[in-house]
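Below: one structure, written as structure tokens.
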Amino acid sequence: MISDVINVEDLQKIAPVFGQLSFDNHEQVVFCNDKDTGLRAIIGIHSTILGPALGGTRMWQYNSEWDALNDVLRLSRGMTFKAAITGLNLGGGKAVIIGDSKTQKTPELMKRYGEFVHSLSGKYLTAEDVGMETSDMDLVRDVTPFVTGISESRGGAGNPSPITAYGVFMGMKAATKYKFGTDILEDKTVYVQGIGHVGESLVEHLVNEGAKVFIDDINEERLEEVSSRYGVKIYRGNDIYGENMDIYAPCALGATVNDDTIFKINAKVIAGAANNQLANEEKHGKILQERGIAYAPDFLINAGGIINVYAELENYGKQEIMRKTENIFNTTLEIFETANKDEVTTHEAALKIAEERIETRKLVKSK
Ligand code: NAD
């Protein structure tokens with residue numbers, strides 16, 4: 001027993017679970033463990049007020065289990081607001097699997113994970129995130145119906161990443177219109193950090209529009225591949241944040257706008273796919289505002305993927321997916337205008353709309 005080796009009260013003080021920095025009244029957090037497959041996962045359900053908690057599964061080699069918990073708490077909370085501001089009847093959830101997706105992901109592990117998802121009886125619906133492919137969701141589908149983002153051949157809406165990228169492109173255009181007075185990205189210098197599923201697709205849109213694109217990734221092979229496919233330059237410096245650019249597009253992991261980078265960032269616009277780009281929403285959002293950097297809220301502009309997987313639940317087609325995703329342009333522009341008028345950060349302005357929708361639903365439910 002743990003109390004034999006450490007005083008539980010001391011443990012509570014050094015590692016409180018409900019008092020975790022990122023704990024925000026989450027409804028449920030589920031720890032999943034399976035010795036045979038090596039599965040160690042955490043499912044975070046932040047809210048089910050608007051509907052079942054939907055959010056992707058991320059597989060990542062975390063430095064510690066606390067990092068994994070922190071990530072799933074932050075990510076699942078973000079999903080609540082993403083669904084709310086996009087007008088979808090979904091709550092917020094997310095899952096993380098601890099491990100290296102390249103070497104530790106097996107069909108058995110994915111199916112076992114699917115069984116844990118199934119045990120929640122539809123309160124949490126999964127999909128793909130970093131380290132996951134559509135084929136992985138197909139494996140999960142073998143054991144549970146509570147999964148989206150499955151392949152088109154199995155009746156799903158397919159890979160959500162190109163739609164996410166299109167939404168980010170729309171949000172970026174809106175931010176550019178607000179900042180520069182035009183939504184045309186031709187000749188704008190854009191640094192795309194992370195050229196995975198979403199990043200690569202974003203690069204394609206940018207190149208088609210004539211932007212000057214630089215790419216950055218920790219995966220050298222991907223860099224060479226994407227660079228030669230689209231004729232874009234690889235960033236070879238050692239401090240991307242200090243580079244003079246029009247647009248910084250974070251498309252890797254979150255929290256890249258943090259205490260170390262916030263005063264170095266030399267971009268006029270930040271618009272990218274990564275979830276939770278602001279390490280501290282309030283503090284870093286405010287500094288960006290003061291520095292005149294137009295920040296397009298991540299949970300607003302990266303909603304294309306959730307719009308795509310929601311189609312599987314609501315049975316709408318590609319045309320409606322594209323219409324809803326394109327609308328990210330209008331919503332983002334409105335957020336910039338509201339934030340300016342109300343003298344709040346764009347993150348706060350977007351959050352307010354999302355929170356109001358949730359509160360209204362709560363009131364209706366309580367009647
Ligand atoms: P992915 O795993 O396909 O790509 C991530 C890329 O980032 C990889 O190429 C990886 O090597 C690179 N990377 C990781 N750490 C890096 C670092 N420190 N510097 C530079 N590059 C780094 O993931 P994805 O599906 O493209 O998602 C990218 C981001 O967008 C994630 O934060 C994800 O949560 C978010 N997002 C994705 C979707 C979607 O539809 N896939 C939807 C909404 C949000």
Side-chain angles (χ1 to χ4, degrees), residues 54-63 71-72 74-79 81-83 85-86 88 90 92-97 100-102 105 126-134 136-137 148-149 156-171 191-204 214-227 234-241 248-258 260-261 271-278 296-311 321 325 328:
L54 190 148
T57 302
R58 172 174 294 188
M59 187 161 186
W60 192 254
Q61 188 79 64
Y62 289 96
N63 288 332
D71 208 26
V72 81
R74 277 168 61 85
L75 288 166
S76 53
R77 174 179 178 271
M79 292 308 292
F81 301 122
K82 187 185 305 197
I85 200 164
T86 311
L88 310 179
L90 291 172
K94 202 93 181 179
V96 296
I97 297 178
D100 183 342
S101 64
K102 290 197 186 72
K105 192 170 62 181
T126 197
E128 48 274 81
D129 191 64
V130 174
M132 287 289 146
E133 307 290 336
T134 304
D136 297 315
M137 293 307 116
T148 57
N159 177 11
S161 304
I163 311 291
T164 302
Y166 183 59
V168 170
F169 184 58
M170 288 295 113
Y191 277 61
V192 181
Q193 182 183 45
I195 38 145
H197 292 96
V198 182
E200 175 175 354
S201 194
L202 178 64
V203 166
E204 187 175 359
F214 289 81
I215 55 172
D216 173 48
D217 203 290
I218 49 172
N219 183 335
E220 188 58 38
E221 225 173 284
R222 285 290 294 160
L223 282 172
E224 296 296 342
E225 224 174 83
V226 174
S227 167
I234 299 174
Y235 173 65
R236 292 291 184 199
N238 44 24
D239 190 2
I240 192 171
Y241 305 99
Y248 163 49
C251 296
L253 298 189
T256 55
V257 180
N258 54 42
D260 293 334
T261 62
N275 284 305
N276 303 325
Q277 291 165 27
L278 308 179
D298 48 11
F299 67 89
L300 167 62
I301 72 166
N302 71 12
I306 198 173
I307 291 171
N308 192 60
V309 295
Y310 190 59
I321 293 174
T325 307
I328 289 176

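All ligand and atom numbering here is 1-based and tracks the order in the structure.
Atom 17 (C) of ligand 1 has as its closest protein heavy atom I218 CG2, 3.7 Å. Atom 22 (C) of ligand 1 has A252 CB, 3.5 Å as its closest protein atom, hydrogens excluded (heavy atom only). Closest to atom 2 (O) of ligand 1 among all protein heavy atoms lies V130 CG1, 3.4 Å. Atom 4 (O) of ligand 1 has its closest protein heavy atom at G196 CA, 3.2 Å. Looking only at heavy atoms of the protein, atom 40 (O) of ligand 1 is closest to T164 OG1, 2.7 Å. Nearest to atom 3 (O) of ligand 1 among the protein's heavy atoms is H197 ND1, 2.6 Å. With respect to atom 43 (C) of ligand 1, the closest heavy atom belonging to the protein is N302 O, 3.5 Å.
When every heavy atom of A165 is checked against every heavy atom of V198, the shortest pair comes out as CB-O, 3.6 Å. Here the closest heavy-atom approach between residue S201 and residue P162 is recorded as OG-CA, 3.6 Å. When every heavy atom of N159 is checked against every heavy atom of N308, the shortest pair comes out as O-ND2, 3.9 Å.
Considering both main-chain and side-chain atoms, W60 never comes within under 3.5 Å of ligand 1 through any nitrogen or oxygen pair. Every N/O-N/O distance between Q193 and ligand 1 stays at or above 3.5 Å. In terms of polar-atom proximity, defined here as any N/O pair under 3.5 Å, D129 does make such a contact with ligand 1. The N/O atoms of A273, backbone and side chain alike, include one that comes under 3.5 Å of an N/O atom in ligand 1.
For ligand 1, the atoms closer than 4.0 angstrom to any heavy atom of G194 are 7 (O), 21 (N). Of all atoms in ligand 1, listed by their number and element, those nearer than 4.0 Å to a heavy atom of K82 are 43 (C). Atoms of ligand 1 lying under 4.0 Å from at least one heavy atom of S161, given by number and element, are 39 (C), 40 (O), 41 (N). Applying the 4.0 Å criterion to heavy atoms of G131 picks out, from ligand 1, the atoms 2 (O).
Only the backbone of C251 comes within 4.0 Å of ligand 1, judged by heavy-atom distances. Both the backbone and the side chain of V198 come within 4.0 Å of ligand 1, counting heavy atoms alone.
If you check the side chains of D71 and Y62, you find a donor sitting under 3.5 Å from an acceptor. A side-chain donor from one of T57 and T126 sits under 3.5 Å from a side-chain acceptor of the other. A side-chain donor-acceptor contact under 3.5 Å links N302 and N275. The closest side-chain donor-acceptor pair between T256 and Y248 falls under 3.5 angstrom. Judged purely by distance below 3.5 Å, without hydrogens or angles, the side chains of Y241 and Q193 pair a donor atom with an acceptor atom.
Ring-plane geometry between F214 and Y191 is classed as parallel, the angle between the planes falling under 30 degrees on a 0 to 90 degree scale with a further cut at 60.
In this structure, M132 has no heavy atom closer than 4.0 Å to ligand 1. Using a 4.0 Å cutoff on heavy atoms, R58 counts as a contact of ligand 1.
Using a 4.0 Å cut-off between a side-chain N of Lys or Arg and a carboxylate O of Asp or Glu, E200 and R222 qualify as a salt bridge. Under a 4.0 Å N-O distance rule, the pair K105/E128 does not qualify as a salt bridge.
Looking only at distances, a side-chain donor or acceptor of Y235 sits under 3.5 Å from a matching main-chain atom of I240.
Of all the listed residues (L253, N219, D217), D217 holds the heavy atom that lies closest to atom 11 (O) of ligand 1.
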